[in-house]
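Sequence positions, counted from 1, serve as the residue numbers for this chain.
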Amino acid sequence: MSNQRVYNFAAGPSMLPLSALERAGSEITNYRGSGMSVMEMSHRSKVFMDIFQETRDKLRRLMNIPSDYHILFLQTGASGQFSAIPLNLIGKTGKANYAVTGNFSSLACKEAARYGQISLAADMGEGNYCRIPRQEELKLDPQASYFYYCANNTVFGTEWNYVPDTGDVPLVCDMSSDILSMPVDVSKFGILYAGAQKNMAPAGLTVVIIKDGLQGHELPFTPLMMNYKTMIDKDSMYNTPPCWCIYMLGLTLDWVEENGGVAGMEKLKWQRANMLYSTLESSRLFQLHADKDSRSGMNVTFRTGSDELDAKFVQEATAAGFVNLKGHRKAGGMRASIYNAMPVEGVEKLCDFIRLFEKNN
Ligand SMILES: *Cc1c(COP(=O)(O)O)cnc(C)c1O
């Protein structure tokens with residue numbers, strides 16, 4: 001292995017800001033005079049409680065989260081929420097409304113169907129998930145306890161460019177792969193959640209932002225660990241929280257703040273994405289998967305049309321220091337995941353590489 005850092009286009013876990021990694025490295029054996037690593041601390045100690053509260057305050061400030069929303073730091077991944085959401089919310093009417101626009105919303109929908117009656121607001125599977133439905137295409141169910149969608153489809157590379165209007169039905173959103181990449185009006189949502197390993201922190205932390213009042217209506221057999229009320233009442237500390245990840249999230253948030261907050265992140269997001277899309281658009285070798293108005297600013301999916309050439313591209317890119325460009329097995333082709341921590345320079349160089357590959361092939 002070389003000691004050079006590479007441009008890592010992995011879909012997650014993925015790149016973290018270098019400043020956050022370096023800070024963590026400098027504090028790894030002795031956190032700010034405490035004489036121990038954050039990995040070794042009691043989660044109930046004052047020194048860790050300060051980290052916990054500061055991280056939560058920073059997130060509230062950066063995302064402008066209203067005071068009637070709880071911020072939970074949980075485990076079991078984003079996938080754990082596929083169960084927790086219906087367990088906690090579907091009991092109100094026994095029904096929920098799902099927009100299936102990709103891999104993870106499809107999995108979430110299947111899981112929810114175990115606990116209640118699901119109506120599909122949209123199912124984009126026929127076009128192999130190449131676009132996002134328009135507001136007027138959504139089949140809304142006013143009887144639903146909640147409306148569920150996934151803001152950015154990590155596998156297929158599409159992203160909602162609007163927040164659906166669902167009237168009085170609470171909105172639940174999986175933002176695992178585009179949280180902190182743009183300003184969001186949190187007050188429009190009932191629940192907004194994200195697995196941390198795409199844009200926030202190492203794997204092991206799930207951030208759940210939930211409007212007060214949605215908790216406390218769980219199905220009777222809801223496991224304690226999946227019960228929002230338990231976690232709200234115990235301040236995410238019913239059991240040991242993922243301490244190290246919470247600390248790393250705090251360091252990532254410092255970097256976000258230093259780089260213009262979520263508005264700054266949004267500028268960088270489209271700077272990176274537009275550069276890559278226009279390079280691929282002007283190519284005669286590569287095709288883009290997503291329709292133009294549905295393109296993701298975080299995961300860019302493309303292919304040559306030949307499996308052999310795709311494999312050659314991935315192999316040569318890896319050798320040139322652009323790693324993890326192979327597409328998800330369900331989508332094929334290539335995928336460049338360009339989350340917040342991907343430097344613009346990494347995308348510039350990838351675009352040069354793409355042009356060179358096209359010339360040679
Ligand atoms: C990665 C991802 C998931 C799954 O996350 P886990 O933490 O592995 O459960 C869910 N939803 C989206 C949008 C993702 O990108």
S.K.: Quick one: salt bridge (charged side-chain N to carboxylate O under 4.0 Å, His left out) partners of K326, sequence neighbours excluded?
M.R.: none
S.K.: Please round to the nearest 0.5 Å and tell me the distance separating atom CD of E258 and atom CG of L253.
M.R.: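 Taking CD in E258 and CG in L253, the distance rounds to 11.0 Å.
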S.K.: Scan residues 287-325 for pairs that pass ring-ring contact (aromatic ring centres under 6.0 Å, His included), counting only residues two or more places apart or in two chains.
M.R.: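 Every ring-ring contact (aromatic ring centres under 6.0 Å, His included) pair that includes a residue of residues 287-325, provided the two are not neighbours, is F156-H289, F286-F302, F286-F313, F302-F313, F313-F353, F313-F357, F322-F353.
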S.K.: Tell me every residue that passes salt bridge (charged side-chain N to carboxylate O under 4.0 Å, His left out) with R32, counting only those two or more places apart in sequence or in another chain.
M.R.: E27
S.K.: Going by side-chain hydrogen bond (donor to acceptor under 3.5 Å, both in side chains), name the residues that satisfy it together with S105, two or more places apart in sequence or in a different chain.
M.R.: none
S.K.: Applying side-chain hydrogen bond (donor to acceptor under 3.5 Å, both in side chains), name anything that partners D168, two or more places apart in sequence or on another chain.
M.R.: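 By the side-chain hydrogen bond (donor to acceptor under 3.5 Å, both in side chains) rule, D168 matches no residue at all.
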S.K.: Is the NZ or CZ atom of K139 both under 6.0 Å from the centre of the six-membered ring of Y98 and within 45° of that ring's axis?
M.R.: no
S.K.: Given salt bridge (charged side-chain N to carboxylate O under 4.0 Å, His left out), test D352 with K349 step by step and report yes or no.
M.R.: CA-CA 5 Å; D352 290 342; K349 290 185 175 166; over 6 Å; no
S.K.: Of all residues at least two apart in sequence or in a different chain, which pass the side-chain hydrogen bond (donor to acceptor under 3.5 Å, both in side chains) check with R303?
M.R.: none
S.K.: With sequence neighbours left out, what residues match D254 under salt bridge (charged side-chain N to carboxylate O under 4.0 Å, His left out)?
M.R.: K58
S.K.: Taking salt bridge (charged side-chain N to carboxylate O under 4.0 Å, His left out) as the test, write out the residues that go with E281, two or more places apart.
M.R.: K292, R295
S.K.: Using 0.5 Å steps for rounding, measure from the CG atom of L249 to the OG1 atom of T252.
M.R.: 6.0 Å
S.K.: Using residues 176-183 as the side-chain source, report each donor-acceptor pair under 3.5 Å to any protein atom, sequence neighbours left out, with the distance given to one decimal.
M.R.:
residue, atom, partner, partner atom, Å
S176, OG, D174, OD1, 2.7
S176, OG, G195, N, 3.1
S177, OG, N152, O, 3.1
S177, OG, N152, ND2, 2.8
S177, OG, T154, OG1, 2.8
S181, OG, D178, O, 2.7
S181, OG, K269, NZ, 2.9

S.K.: Going by an N to O cut-off under 4.0 Å, is there a salt bridge joining D50 and K46?
M.R.: yes
S.K.: Could you go through the salt bridge (charged side-chain N to carboxylate O under 4.0 Å, His left out) check for K312 and E308 one step at a time?
M.R.: CA-CA 6 Å; K312 186 170 182 236; E308 269 162 46; over 6 Å; no
S.K.: Extract all donor-acceptor atom pairs below 3.5 Å that involve side chains of residues 235-242 and protein atoms in other chains or at least two apart in sequence.
M.R.:
residue, atom, partner, partner atom, Å
D235, OD1, R56, NH1, 2.6
S236, OG, F73, N, 3.0

S.K.: Would you check if there is a donor-acceptor pair between the side chains of E345 and Y7 at a distance under 3.5 Å?
M.R.: yes
S.K.: Say whether, by atom type as modelled, one donor and one acceptor occur between the side chain of Y69 and the main chain of F189 under 3.5 angstrom.
M.R.: yes
S.K.: Distance check, rounded to the nearest 0.5 Å: S14 atom OG versus M298 atom CE?
M.R.: 9.5 Å
S.K.: For D233, which residues count as a side-chain hydrogen bond (donor to acceptor under 3.5 Å, both in side chains) partner, sequence neighbours excluded?
M.R.: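 D233 satisfies side-chain hydrogen bond (donor to acceptor under 3.5 Å, both in side chains) with K229 once adjacent residues are dropped.
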S.K.: Taking the basic N atoms (NZ, or NE/NH1/NH2) and the acidic carboxylate oxygens, is any pair closer than 4.0 Å for R272 and E348?
M.R.: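 Salt bridge absent between R272 and E348.
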S.K.: Does the side chain of H217 pick up a donor-acceptor pair with the side chain of N88 at under 3.5 Å?
M.R.: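 No pair is found: no donor N or O on one side chain lies under 3.5 Å from an acceptor on the other.
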S.K.: Between CG of D141 and CG of N97, what distance do you get to the nearest 0.5 Å?
M.R.: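 It comes to 5.0 Å.
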S.K.: With the threshold set at 4.0 Å, does a side-chain nitrogen-carboxylate oxygen contact exist between K211 and D68?
M.R.: yes
S.K.: Counting only heavy atoms from other residues, nucleotides and ligands, does the tally under 6.0 Å from CD of E137 exceed 12?
M.R.: yes
S.K.: What class does the angle between the rings of Y146 and Y148 fall in, given that below 30° is parallel, 30 to 60° is tilted and above 60° is perpendicular?
M.R.: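 Rings of Y146 and Y148: perpendicular, over 60°.
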S.K.: Classify the side-chain pair T93/S145 by whether it contains a donor and acceptor separated by less than 3.5 Å.
M.R.: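 Yes.
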S.K.: With F9, which residues qualify under ring-ring contact (aromatic ring centres under 6.0 Å, His included), at least two apart?
M.R.: none
